[in-house]
Amino acid sequence: MQYNYPLGGSWEPIKSLLRISVSQKPQKSIVLAMATGKFQEVLPPVLDATSEPPPLFDGTTRLYINYSCPFAQRPWVTRNYKGLQDTIKLVPIDLQNRPSWYKEKVYPENKVPALEHNNEVRGESLDLVKYINENFEGPRLLPDDPAKVEFAEELISYSDKFNAAFRNAFISKKDIENHIRDTLDHLEHALSKFDDGPFFLGQFSVVDVVYAPFIERYGPLILEVWKYDIFAGRPKLASWSEELNKIEAYTQTKYDSKALVEIYKKMFGLN
C-alpha cells in the first residue's frame, strides 16, 4: 500500500488513517484550559460528510483542523498560546469522510489546516503559524533579537529535511538509527545555541511549535517498533521535551499516543 506523505503542511495519505472513531472523538464534556488558566474550552465534535457546514464567511474566524494531524496541530498550538480560543473557533474535519462543502465552499485544496479570516481562507501550516503570530493579539512567538530571528528561519527551513529523514527511515524499516542520528543530533546541537532557556530560541517560540507535533509522534513510534530512545544521549532534546510538556497551549492539543503509534504503524507497514 502506498501513501502520499507531503512534508510542507498537510497530512493526506491516499487511504487516510486519521479518521477518528466514535470512541476517540473528543466529547463535549472534554474541557481544556488555555495557557493562562483563565479560559476553558470545550472541544467541538468532528464534522464529516453528513455534517452541515458552519455559517461560512459570517465574520467568524475559524481554524479548520483534524485532531490527529501534526500539521494542523502547529497553528492550533499557536492559537492557544496567544490566548485566542475565543477569537479563533476550531472546526475539526474528518479527513477520511470529509464533507463535500469543505472543498467546494471553504478550501479547494481540501486539506487541513486552513484558516478562515476576513473573508479569506489561507492554508499551509508554516504560513498559518506565522500569520496567526503576526496578525492577532497575544504573546509573540518570535523574539526581537535579530540573531534569534535568523536562527529561527534556519530551523524552520530545516524542518522539511527533518521530516524527510524520518519518513525515509520508516519506509526502509531498518537501520533506523543510521537514518535519523544526524537529524536528531542537529536538533541537539541547535538547542545549545542559546542558554537563556530550554527551548530552541531560549524561550518558547514558533520553532518549538514547528517541531513539537512530530517529536510527539516519532519518539513513541520508534521506541515501540525499534526499541530506540531518540532522547538517549541527547540531554538537551530530553530537557526540551520535558519543558515542552509543561506548556499547556501545547499539551491541550496532544493526541492519544497509542492511537498515533497505530496510525503510523499502519501507514508505513510497520506491523
Side-chain angles (χ1 to χ4, degrees), residues 9-11 18 20 24-47 54 60-93 95 112-118 121-143 152 155-156 159 197-217 240-257 259-260:
S10 65
W11 186 250
L18 299 180
I20 303 176
Q24 294 171 317
K25 280 186 180 181
Q27 302 299 310
K28 291 184 179 180
S29 60
I30 296 178
V31 179
L32 299 178
M34 80 169 210
T36 63
K38 297 180 181 179
F39 186 95
Q40 289 186 323
E41 178 179 27
V42 177
L43 286 180
V46 177
L47 303 185
T60 302
T61 301
R62 298 181 177 89
L63 178 62
Y64 296 87
I65 65 168
N66 174 275
Y67 285 127
S68 58
C69 172
F71 295 101
Q73 192 176 1
R74 287 168 165 174
W76 184 8
V77 174
T78 306
R79 167 239 197 208
N80 286 3
Y81 191 80
K82 292 177 74 67
L84 298 170
Q85 287 89 334
D86 237 357
T87 303
I88 301 178
K89 302 300 182 182
L90 294 180
V91 183
I93 300 294
L95 294 182
V112 294
L115 182 72
E116 176 189 341
H117 182 233
N118 288 341
V121 176
R122 298 169 173 82
E124 301 302 328
S125 65
L126 296 180
D127 293 341
L128 292 184
V129 168
K130 180 179 179 180
Y131 183 85
I132 293 171
N133 185 49
E134 294 180 350
N135 290 277
F136 292 85
E137 295 182 353
R140 280 185 53 77
L141 279 160
L142 196 63
L155 288 175
I156 291 171
S159 65
F199 300 105
F200 285 104
L201 304 185
Q203 304 306 306
F204 187 73
S205 73
V206 293
V207 181
D208 306 293
V209 171
V210 166
Y211 283 94
F214 297 94
I215 293 293
E216 173 187 336
R217 287 156 175 79
W240 173 83
S241 179
E242 181 179 350
E243 293 301 316
L244 182 68
N245 279 285
K246 297 177 183 178
I247 303 291
E248 288 186 4
Y250 163 66
T251 59
Q252 293 160 5
T253 69
K254 292 182 67 175
Y255 197 72
D256 181 77
S257 180
L260 289 176

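Just so it is clear, the structure is predicted and the values come from calculations on it, not from any experiment.
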Thr253 to Val77 - nearest heavy-atom pair and separation: OG1-CG2, 3.5 Å
Side chains of Val91 and Leu47 in contact at under 4.5 Å (non-hydrogen atoms): yes
Heavy-atom donor-acceptor pair, Lys89 side chain to Thr60 backbone, under 3.5 Å: no
Enclosure of Glu134 CD (heavy-atom neighbours >12, cutoff 6.0 Å): yes
Atom of Cys69, atom of Val112 and distance for their closest heavy-atom approach: SG-CG2, 4.2 Å
Pair Ile132-His117, side chain to side chain contact (heavy atoms under 4.5 Å, CB included): steps then yes or no: CA-CA 10 Å; Ile132 293 171; His117 182 233; over 6 Å; no
For the student: nearest non-hydrogen atoms of Pro213 and Gln73, plus distance: CB-OE1, 3.2 Å
Main-chain N/O of Pro139 paired to Tyr81 side chain as donor or acceptor, under 3.5 Å: no
Beyond-backbone contact of Leu63 with Leu90, side-chain heavy atoms, under 4.5 angstrom: yes
Donor-acceptor pair, side chain of Asn133 and main chain of Arg140, under 3.5 angstrom: no
Thr78 (side chain) donor-acceptor with Arg74 (main chain) under 3.5 angstrom: yes
Value rounded to 0.5 Å, distance of OG1 in Thr61 from CZ in Arg79: 11.0 Å
Distance-minimising heavy-atom pair for Leu84 and Glu137: CD2-O, 3.5 Å
Heavy-atom closest contact (Pro92 atom, Pro45 atom, distance): CG-O, 3.2 Å
Closest contact, heavy atoms only, Leu260 versus Ser68: CD2-O, 4.0 Å
Trace of the ring pair (Phe, Tyr, Trp, His ring centres under 6.0 Å) decision for Phe204 with Tyr250: CA-CA 11 Å; Phe204 187 73; Tyr250 163 66; 7.9 Å; no
Any side-chain heavy-atom pair of Phe214 and Phe71 under 4.5 Å: yes
Check: Tyr255 side chain, Arg217 main-chain N or O, donor-acceptor pair, under 3.5 Å: no
Distance in Å, Leu115 CG paired with Arg62 CZ, rounded so as to fall on 0.5 Å steps: 11.0 Å
Rounded distance (nearest 0.5 Å) linking atom CZ of Phe200 with atom CG of Leu155: 6.5 Å
4.5 Å side-chain heavy-atom contact, Tyr211 and Leu244: no
Beyond-backbone contact of Leu201 with Pro143, side-chain heavy atoms, under 4.5 angstrom: yes
Asp127 backbone acceptor or donor facing Arg122 side chain under 3.5 Å: no
pair Lys130-Leu142: side-chain heavy atoms closer than 4.5 Å: no
Side-chain touch Tyr64/Val121, heavy atoms, less than 4.5 angstrom: no
